[in-house]
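The structure appears right after this line, and notes come after that.
Only a predicted model underlies this, so the values are computations on that prediction, with no experimental measurement involved. Indexing begins at 1, ligand by ligand and atom by atom, following the structure's order.
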Amino acid sequence: MKEQPIILGIETSCDETSAAVLKGDELLSNVISSQIDIHRRFGGVVPEIASRNHLTAILPVVDEALCSAGVKKTELDAIGVTYGAGLVGALLVGVSAAKALAYALGIPLYAVNHIEAHIAANYLSARGLRPPFLAVVASGGHTGVARIDGINEFSMIASTTDDAIGEAFDKVARAVGLPYPGGPEIDRLAKTGKPSIKFIDRKKRRTELSYSGLKTAVVNYLHNVEQRGEKPNIADVCASFQTTAVDMLVDCAVSTARATGINTVVAAGGVSANSYLREKLKADGEKYGLTVYFPPMSLCTDNAAMIAVRARDMMLGGIAPAGLELNAVSYLKIGESDR
Ligand code: KG4
Ligand code: ZN
């Protein structure tokens, strides 16, 4: 096997069509075609519309990734594609394109777990990063703390009991009248507000990771203010929600680090772009002697560079490639292969 394999990564799990080319540990290209503007008018991702847009975007995006990397299809050594978790119709577009390309080129295809890839994105920027380490998983569909014991050994050791943190950001944003995707909007507005509203009593629920109750508490608060004929201070609502949501996750990560003795922590998933999460995790890391890494902003939300990195590690670790029967799956846990 080549030491510096050239890998094409493909990602279509939600509303970003992305393709990237990786050579060894050097990222040659990472093209992302976002559908955010298309879905914004509906207030969230419409699965059928997402699939149709992936269909029109996928081949031009792959061609652009190869072209800007200066790599010919025939030079590729392997392809990696997200097969779960995500929207099945959206995933299927990437999976079908990847299967066709891998078959036509006679190269192996790696079935990549989307959340493992979010964690693996850190290998691109944190060059010295090696397992064991913990990952604060903060995306639109998954939330918790994962433990990485080897390049291909992932396990989730703490998970939300209900909603994901990104889902809560998006739902709260919608409740206060902010556009989709709500996370970046709340992040922006929270900077001008005070975290003065106590939505839940965290002392009572110190160890629990749960976002559904917090989201309901924000909605109830907004209704109560409205019923009194008053106007809520949206910036304060955003700052208070964001502080509670992030503190809950960072506290969980710090207590997991102390309990396991694993002192390296990375952030992973779209919400790791949140400025308060980055600030809080960095500050708590310094306080408790943890080494903390964040992916660069461009690699926090969905992208194919992280898929290519994960596929490279699966290939170098001797994990069996997928066959042409590979299918898309909507639910997939970390460390769990559905194939
Ligand atoms: O990881 P991701 O791109 O997709 C999934 O795998 O789910 O995460 C998307 C989530 C959305 O909920 C979005 O609102 C949130 O990440 N997000 C943020 C920020 N940027 C993206 N949440 C809070 N603050 C941000 N700056
Ligand atoms: Zn994601």
>> Rounded at 0.5 Å granularity, tell me how far CG in L109 sits from NZ in K99.
In response: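 L109 atom CG to K99 atom NZ measures 8.5 Å (nearest 0.5 Å).
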> Between S18 and N303, does any side-chain donor sit less than 3.5 Å from a side-chain acceptor?
Replying inline: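 Short answer, no.
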Using heavy atoms and a threshold below 4.0 Å, how should the contact between [X] and ligand 1 be classified: side chain, backbone, both, or neither?
X: D170; value: side chain
X: H114; value: side chain
X: D187; value: side chain
X: H118; value: side chain

[atom]: nearest protein contact (heavy atom, Å):
atom: atom 20 (N) of ligand 1; value: G270 O, 3.5 Å
atom: atom 2 (P) of ligand 1; value: D302 OD1, 3.4 Å
atom: atom 24 (N) of ligand 1; value: N274 ND2, 3.0 Å

Is there a polar contact, in the sense of an N or O pair closer than 3.5 Å, between [X] and ligand 1?
X: G140; result: yes
X: G183; result: yes
X: G166; result: yes

> What pairs meet the ring-ring contact (aromatic ring centres under 6.0 Å, His included) rule with one or both residues in residues 229-287, with sequence neighbours excluded?
Replying inline: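 Of all non-adjacent pairs touching residues 229-287, those that pass ring-ring contact (aromatic ring centres under 6.0 Å, His included) are F169-F241.
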>> Applying salt bridge (charged side-chain N to carboxylate O under 4.0 Å, His left out) as the test, list every pair that has at least one member in residues 302-317; sequence neighbours left out.
In response: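 Qualifying pairs: E116-R310.
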> How is the N/O/S atom of H118 that comes nearest to the Zn ion (ligand 2) named?
Replying inline: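 It is NE2, the N, O or S atom of H118 closest to the Zn ion (ligand 2).
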>> With carbon and hydrogen excluded and only N/O/S kept, which atom of D302 is nearest the Zn ion (ligand 2)?
In response: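 Checking each N, O and S atom of D302, the shortest distance to the Zn ion (ligand 2) belongs to OD1.
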> Which heavy atom of V95 sits nearest a heavy atom of V81, and at what distance?
Replying inline: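 Closest approach of V95 to V81: N-CG2, 3.8 Å.
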> Among D15, T301, V271, which residue places a heavy atom closest to atom 15 (C) of ligand 1?
Replying inline: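 Looking at heavy atoms only, V271 sits closest to atom 15 (C) of ligand 1.
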